[in-house]
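Worksheet: one structure, shown below.
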2 protein chains.
Amino acid sequence: MKNIQVINSVKVRRIEMGHLTQGDLAKVVGVTRQTMNLIEAQKYNPTIKVCLLIAAALETSIDQLFWMEDEE
Amino acid sequence: MKNIQVINSVKVRRIEMGHLTQGDLAKVVGVTRQTMNLIEAQKYNPTIKVCLLIAAALETSIDQLFWMEDEE
DNA sequence: CAAAAGTGTAACATATATATGACAAAGTTA
DNA sequence: TAACTTTGTCATATATATGTTACACTTTTG
């Protein structure tokens with residue numbers, strides 16, 4: 001697959017939301033805390049389903065949360 | 001993970017683009033034609049990276065292409 | 001300060017996204 | 001109609017997203 005870098009602002013947005021922990025967000029989305037941790041650390045390439053659920057939980061859109069940067 | 005249905009309008013949008021086959025789109029995105037076929041048939045839950053590349057290729061946004069519907 | 005809560009990370013297991021090769025059916029074009 | 005292109009699908013293989021358990025480190029709170 002084409003080699004791009006996907007960046008997200010999930011952690012920033014989650015903290016903007018106020019008292020919302022990784023665990024809280026994970027629970028709402030229905031993934032584990034570890035999975036949410038790896039997504040926030042940009043170490044996973046999550047599925048669109050998870051992204052849609054995260055965007056809903058953070059009251060924003062996928063386009064606001066995820067974008068791509070050309071590899072190098 | 002939370003049980004939602006993800007719908008996409010990739011096929012509709014691809015055809016709107018004019019002469020763009022599944023194979024063409026797959027090639028631009030950098031996946032196989034079979035993968036693109038399954039995505040268009042709503043049989044895959046693609047990764048955000050693929051979705052971003054598809055949106056770019058179709059000159060639109062992920063929010064325009066993918067959305068969720070509550071499971072029944 | 002001490003306890004509790006939140007975060008980062010590791011090892012291993014499982015589910016599934018994606019690749020590859022192949023073939024038939026449907027659609028298009030000459 | 002006959003060639004050709006496009007699409008749908010199948011079987012099998014591989015890569016990786018996600019789950020589970022566990023533990024150390026950091027941050028918050030009483």
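Order of the sequence lines sets the chain letters (A, B, ...), proteins ahead of strands, with each chain counted from 1.
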Q) Do the side-chain N or O atoms of A/N37 get closer than 4.0 angstrom to the phosphate oxygens (OP1, OP2) of C/dT7? A) no
Q) B/N45: what forms a side-chain contact (heavy atoms from CB on, under 4.5 Å) with it, not counting sequence neighbours? A) A/T47, A/I48, A/K49
**Q.** Nucleic acid contacts of residues 11-35 of chain A, taken as heavy-atom distances under 4.0 Å to DNA chain D
**A.** A/G30, A/V31, A/T32, A/R33, A/Q34, A/T35
Q: Apply side-chain contact (heavy atoms from CB on, under 4.5 Å) to B/I15 and list each qualifying residue two or more places apart in sequence or on a separate chain.
A: B/K11
Q: Would you check if B/E40 and B/Q22 make a side-chain contact, meaning some heavy-atom pair closer than 4.5 Å?
A: yes
Q | B/I39 CD1 - C/dT16 C1' separation (whole Å) | A | 13 Å
Q: Tell me, please, which residues at least two apart from B/E16 pass side chain to side chain donor-acceptor pair (under 3.5 Å).
A: B/R13
Q. Taking only residues two or more places apart in sequence or in another chain, which ones pass side chain to side chain donor-acceptor pair (under 3.5 Å) with B/Q42?
A. B/N8
Q: Return the set of residues passing side-chain contact (heavy atoms from CB on, under 4.5 Å) with A/D24 (not counting sequence neighbours), or none when no residue passes.
A: A/L20, A/T21
Q: For A/L38 and C/dT7, give me the distance from atom CG to atom P, rounded to whole Å.
A: 14 Å
Q) What residues in residues 45-53 of chain A put a non-hydrogen atom under 4.0 Å from any atom of DNA chain D? A) A/N45, A/P46, A/T47, A/V50
Q) Which residue pairs satisfy the salt bridge (Lys or Arg N to Asp or Glu O under 4.0 Å) criterion with at least one member in residues 51-67 of chain A, sequence neighbours excluded? A) none
Show every donor-acceptor pair shorter than 3.5 Å between a side-chain atom in residues 26-36 of chain B and any protein atom, with sequence neighbours excluded, or say none if there are none.
unit_1, atom_1, unit_2, atom_2, d
B/T32, OG1, B/T35, N, 3.2
B/T32, OG1, B/T35, OG1, 3.1

Q. Considering heavy-atom distances to DNA chain C, does A/E40 or A/M1 have its closest nucleotide positioned more toward the 5' end?
A. A/E40
Q. With respect to the phosphate group of C/dT9, does any side-chain polar atom (N or O) of A/K43 fall under 4.0 Å of OP1 or OP2?
A. yes
